Amino acid sequence: MKGCEVPELPEVESICRMLTDRIVGRKVVSVDVSLPRIIRCGRLDSIINHRFSSVYRRGKYICFELDDSLKMFAHLRMTGTFLWKDDLIETVSHIRVEIRFEDGCLLYRDVRTLGGIWISNDGTEPWQTLGIDPLDEEFTSEALAKRLSKRKMAVKQVLMNQSIIAGIGNIYASEVLFSAGIDPQRIACSLTVLEIERLRNAITSVLSAAINSGGTTFRDFRLSDGKDGAFQEFLKVYRKAGEACSRCGTKIRRIVQAQRSSYLCPKCQR
DNA sequence: CCAACGTCCTGCGTGC
DNA sequence: TGCACGCAGGACGTTG
């Protein structure tokens, strides 16, 4: 299967920046919810007549702040995305939610409908259980070591566990472990201090590079300004089974861990 | 507490 | 050509 990939931390970060440019300062005029179960908590119409003041992310959650301590959260899950209506020439299918402004319209599109939107005016947040954000300055080698030390699962599953580290999904888990030269099947608590340091540096550098490239672009992730992210051109192992490792030429392998595909170079990653 | 697994959902690729 | 089927995967609830 080509395309159809999932927004992870870098894509969500790119979407937040795009959203900031588009909606901060704008006042909501009306809303439309064509699939009610997308709204997980609260009522979307409570944002009408309120103005967006900031957009930021934590892990893969997006937080939209409005005036009067009103907040809207979104999680894109597999196929969610935000589109700005002015940029759309043709009609787009699978629009689940519309947030209208005087001079434009923010669309929430979600083919598989697993994403969600939360409205909160009492301080409750849907991201209570999230672990450390890997771009937070508190994400040091020591912090990572502490989180790995008691885990007997494969290191790849730890990287993808949002309550331990928030923001890494299936694509970047493989890419980060390739960059660090660590086999995804390694039991997390068996990593040495040196390996943990390499892993932390790989997480930071791979995610940062992805953000600087505008996020990995696949079919369900489109920047509304029409520019596509370019990071997919830099993927080293993800979906490259059978191709030559860019570092040593060995054939990239695909394995399955916890019902998910992992990709690795069996020579470079130990 | 930790780990494993089923569930949600739809489009697409595969095989007959 | 058409149709049934299985796969893709993030997060969460349930179970062990």
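To find a chain, count down the sequence lines: A is the first, B the second, and so on, and within it residues start at 1. Quick caveat, the model's predicted, so the values are computed rather than measured.
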Legend entry - Check: A:F101 ring centroid to A:W84 ring centroid under 6.0 Å: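 Yes, ring centres under 6.0 Å apart.
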
Inset, instruction - Indicate, with yes or no, if the rings of A:F73 and A:Y61 have centres closer together than 6.0 Å. - result: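 No; A:Y61 has its ring centre 6.0 Å or more from that of A:F73.
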
Inset, instruction - Please give the angle, rounded to 10 degrees, between the axes at the start and the end of the helix from B:dC2-C:dG16 to B:dC16-C:dG2, where five pairs define each axis. - result: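 The value is 50°.
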
So, does [X] get its side chain near the phosphate of [N], meaning an N or O under 4.0 Å from OP1 or OP2?
X      : N      : value
A:H75  : C:dA11 : yes
A:Y238 : C:dG9  : yes
A:H94  : B:dC9  : no

Inset, instruction - Flag the pair A:R100 / A:D32 as yes when at least one side-chain heavy-atom distance between them is below 4.5 Å, and no otherwise. - result: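 In short, these two side chains touch, coming nearer than 4.5 Å.
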
Inset, instruction - Report yes if some heavy atom in the side chain of A:V6 is under 4.5 Å from a heavy atom in the side chain of A:T79; otherwise report no. - result: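 Counting from C-beta outward, A:V6 and A:T79 never come under 4.5 Å.
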
Provide, to the nearest angstrom, the distance between the [atom1] atom belonging to [X] and the [atom2] atom belonging to [N].
X      : N      : atom1 : atom2 : value
A:Q257 : C:dG10 : CD    : P     : 13 Å
A:I255 : C:dA8  : CD1   : C1'   : 17 Å
A:E11  : C:dG10 : CD    : P     : 11 Å
A:I165 : C:dA11 : CD1   : C1'   : 16 Å
A:R239 : C:dG9  : CZ    : C1'   : 10 Å
A:I38  : C:dG10 : CD1   : P     : 17 Å
A:M160 : C:dG9  : CE    : P     : 8 Å
A:I168 : C:dG9  : CD1   : C1'   : 16 Å

Legend entry - Modelled atom types, side-chain donor and acceptor of A:R96 and A:T113, under 3.5 Å: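 A:T113 and A:R96 do not have a side-chain donor-acceptor pair below 3.5 Å.
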
Inset, instruction - Compute whether any side-chain donor of one residue and acceptor of the other, for A:S120 and A:K71, lie under 3.5 angstrom apart. - result: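 Distance-only check fails for A:S120 and A:K71.
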
Legend entry - Considering all heavy atoms, the nearest A:E195-A:S190 contact: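 Scanning both residues, the minimum pair turns out to be OE1-O, 4.3 Å.
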
Legend entry - Minimum heavy-atom distance between A:I48 and A:V29, given as atom pair plus value: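 Distance-wise, the nearest heavy atoms are CG2-O, 3.5 Å.
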
Just compare [options] and give me whichever is closest to any side-chain atom of [X].
X      : options                : answer
A:S261 : B:dC9, C:dG10, C:dG9   : C:dG9
A:Q162 : C:dA11, C:dC12, B:dT10 : C:dA11
A:N170 : C:dG10, C:dA8, C:dC12  : C:dG10
A:M78  : C:dA11, B:dT10, C:dG9  : C:dG9

Inset, instruction - Have a look at A:R254 and say if it touches a base, only the backbone sugar-phosphate, or nothing, with a 4.0 Å heavy-atom cut-off. - result: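 Counting heavy atoms under 4.0 Å across all strands, the contact made by A:R254 is with sugar-phosphate only.
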
Inset, instruction - Tell me which of A:L114 and A:P126 sits closer to the 5' end of DNA chain C, going by the nucleotide each one is nearest to. - result: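 Upstream on the strand: A:L114.
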
Under 3.5 Å, N/O pairs linking protein and nucleotides 3-6 of chain B:
residue: B:dA3; atom: OP1; partner: A:K152; partner atom: N; Å: 2.6
residue: B:dA3; atom: OP2; partner: A:R151; partner atom: NH1; Å: 2.7

Legend entry - Passing option when A:Y263 is tested against A:Y238, A:F178, A:Y172 for ring-ring contact (aromatic ring centres under 6.0 Å, His included):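 When A:Y238, A:F178, A:Y172 are each tested with A:Y263, the ring-ring contact (aromatic ring centres under 6.0 Å, His included) holds only for A:Y238.
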
Inset, instruction - Flag the pair A:E13 and A:R17 as a salt bridge only when some basic side-chain nitrogen lies within less than 4.0 angstrom of an acidic carboxylate oxygen. - result: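 Judged by the 4.0 Å cut-off on N to carboxylate O distance, A:E13 and A:R17 do form a salt bridge.
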
